[in-house]
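Per chain, numbering begins at 1; letters A, B, ... match sequence-line order.
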2 protein chains.
Amino acid sequence: MKMSEGVEWGLHCCLALAWLGDDTAVPTATLASAFDVPPHYLNKFLQALVRADILASSAGVKGGFRLAKRPEKITLLDVVTAIEGPEASFRCTEIRRRGAGVTARPSEFAMPCGIAIAMGRADAAWRRELAAQTVADLVKAAPPAGAERMRCWYAPRAR
Amino acid sequence: MKMSEGVEWGLHCCLALAWLGDDTAVPTATLASAFDVPPHYLNKFLQALVRADILASSAGVKGGFRLAKRPEKITLLDVVTAIEGPEASFRCTEIRRRGAGVTARPSEFAMPCGIAIAMGRADAAWRRELAAQTVADLVKAAPPAGAERMRCWYAPRAR
DNA sequence: GCCTATGTACTCGGATATCTGCTGTCCGAGTCGGATCGG
DNA sequence: CCGATCCGACTCGGACAGCAGATATCCGAGTACATAGGC
């Protein structure tokens, strides 16, 4: 069970865009060079964040990406869900009904699988913790020097 | 991010073995037929559970698998870790140090990456919830009819 | 001098190859149980 | 009849292919800006 590295990239991009402010559009190439990742591949994840209404994109010469909402409104769960998809990591395939289970009376399966419930409880705790944190919290926790560096990185590339 | 289906299989096998009691060894083929899964593939995960000291295996004609400890001592986290591995789903690759980060003073990276901390907090909540539940809890939550069916499934295959 | 039309360069967006890790399968080493033979 | 020995079949354990999803890359559609021309 490995999470896509796109989640890490997406979160860092959101933090960088929050640092730069709301009115500056940053193209993929600039973000990719800031983290030294493949630009075309990063673009794939930025598109996913646009579809989830986390980022807003603008085309054209001075186009690029910016945050679609205020940082306080973007939770970590939003970003993770946008990139990893909404499905839970554990998926119950109801193997209890197969094999020995085919002889059971249907009423036995009236209540959902206890294993799925237990795993779902852990998944809910995970999502709850992710939903409790926003990009604004990341901004507050990060050292201020990072924001300054990101502005210095962006400035010479803007026109 | 998809969890291996081996986790579901492993948990159902632990539950079945807890139902059958401590002194009956169940071979792979019987467990596989009980859930209608590929026997050789299931064996792979049962081996992982043995390595984690969750199951105990015995060779020979009347050999098979049984629980290595009491069900109260086996947490869901134990089973998940045995099959999925101990690593967290999110892995920080420190991209903050690359690209724009190479110009930063080393002191800026004295404290760990805030994004990794936030994701680690969610991962900790997930593990905490998994560690709080044991196989014995699954036994209590499951309908008693399941245990009876499993015994009926096992009995004609034992000698 | 001002407005409009045009062209260009740059952007995002989706469609396309490659590759690692999960999925599925197989055969060999080891072991227990039972059968056989001898006393 | 009882015990030791041998044989056989069954078990686990690790090593070997196949495939799906993540990784990485590319090119096309669309847009905003700058420029040139006309009024």
Side-chain angles (χ1 to χ4, degrees), chain A residues 1-10 13 17 24-33 35-66 68 80 82-85 87 89-91 93 95 154 157-159, chain B residues 1-10 13 17 24-33 35-66 68 80 82-85 87 89-91 93 95 154 157-159:
Chain A
M1 187 181 56
K2 190 160 91 39
M3 188 175 290
S4 166
E5 56 189 340
V7 172
E8 183 183 10
W9 299 3
C13 286
L17 291 173
T24 57
V26 185
T28 304
T30 302
L31 283 170
S33 67
F35 300 116
D36 194 26
V37 297
H40 294 295
Y41 188 28
L42 175 62
N43 192 355
K44 188 188 184 74
F45 297 113
L46 296 178
Q47 287 175 32
L49 293 175
V50 170
R51 275 191 291 271
D53 202 42
I54 293 167
L55 299 185
S57 64
S58 54
V61 176
K62 294 187 76 173
F65 294 91
R66 73 191 72 205
V80 171
I83 291 173
E84 283 292 329
E87 294 183 354
S89 58
F90 179 88
R91 263 156 265 183
T93 60
I95 64 173
Y154 171 74
R157 290 165 181 79
R159 274 174 309 171
Chain B
M1 188 182 52
K2 189 161 91 40
M3 189 176 290
S4 167
E5 56 189 341
V7 172
E8 182 184 11
W9 299 4
C13 286
L17 291 174
T24 58
V26 185
T28 304
T30 302
L31 283 170
S33 67
F35 300 116
D36 196 25
V37 296
H40 293 296
Y41 189 28
L42 175 62
N43 192 348
K44 189 187 184 75
F45 298 115
L46 296 179
Q47 286 174 33
L49 294 175
V50 170
R51 274 192 291 272
D53 202 42
I54 293 168
L55 299 186
S57 63
S58 55
V61 176
K62 295 188 75 174
F65 295 90
R66 73 192 70 205
V80 171
I83 291 173
E84 284 291 330
E87 293 184 354
S89 59
F90 178 87
R91 262 156 266 182
T93 60
I95 63 173
Y154 171 73
R157 289 166 182 78
R159 277 173 307 172

d(A/Trp9 CH2, A/Leu31 CG) to nearest 0.5 Å is 12.0 Å
Closest of D/dC10, D/dC12, C/dT23 to the B/Val61 side chain is D/dC10
Contact check, residues 37-52 of chain B vs DNA chain D, heavy-atom distance under 4.0 Å, returns B/Asn43, B/Gln47, B/Arg51
A/Leu55 CG to C/dT11 C1', in whole Å, measures 15 Å
Across all chains, not counting sequence neighbours, the side chain to side chain contact (heavy atoms under 4.5 Å, CB included) partners of A/Ser89 are A/Met1, A/Asp123, B/Met1, B/Met3
Just call it for B/Gly6: base, sugar-phosphate, or nothing, with non-hydrogen atoms closer than 4.0 Å on any strand. nothing
Short side-chain N/O contact from B/Ser4 to OP1 or OP2 of C/dT23, under 4.0 Å: yes
| task | Indicate whether the side chain of A/Glu5 and that of B/Thr93 have a donor and an acceptor atom separated by less than 3.5 Å. | result | no
If the cut-off is 4.0 Å, is A/Thr28 near the phosphate of C/dC12, judged by side-chain N/O to OP1 or OP2?
yes
Just to confirm, is there a sub-4.0 Å distance from OP1 or OP2 of D/dG13 to any side-chain nitrogen or oxygen of B/Ser57?
yes
note: B/Glu5, atom CD; D/dA20, atom P; distance rounded to Å ~ 13 Å
B/Ile83 CD1 to C/dT23 C1', in whole Å, measures 14 Å
Here the pair of heavy atoms bringing B/Ser58 nearest to B/Ala25 is OG-CB, 4.0 Å
For residues 37-54 of chain A, please give each side-chain donor-acceptor pair under 3.5 Å, one per line with the distance, not counting sequence neighbours.
{"residue": "A/Asn43", "atom": "OD1", "partner": "A/Gln47", "partner atom": "NE2", "Å": "3.2"}

Output for pair (A/Phe65 CZ, A/Leu17 CG), nearest 0.5 Å, gives 9.5 Å
Whole-Å distance, B/Glu87 CD to C/dC22 C1', equals 15 Å
Per nearest nucleotide of DNA chain D, the residue lying toward the 5' end, B/Val26 or A/Ala59, is B/Val26
Checking the side chain of B/Glu8 only, and the main-chain atoms of A/Phe90 only, is there a donor and an acceptor separated by less than 3.5 Å? no
DNA chain C nearest-nucleotide lookup for A/Phe65 and B/Met3: closer to the 5′ end is A/Phe65
A/Lys2 atom NZ is separated from C/dC19 atom P, nearest whole Å, by 16 Å
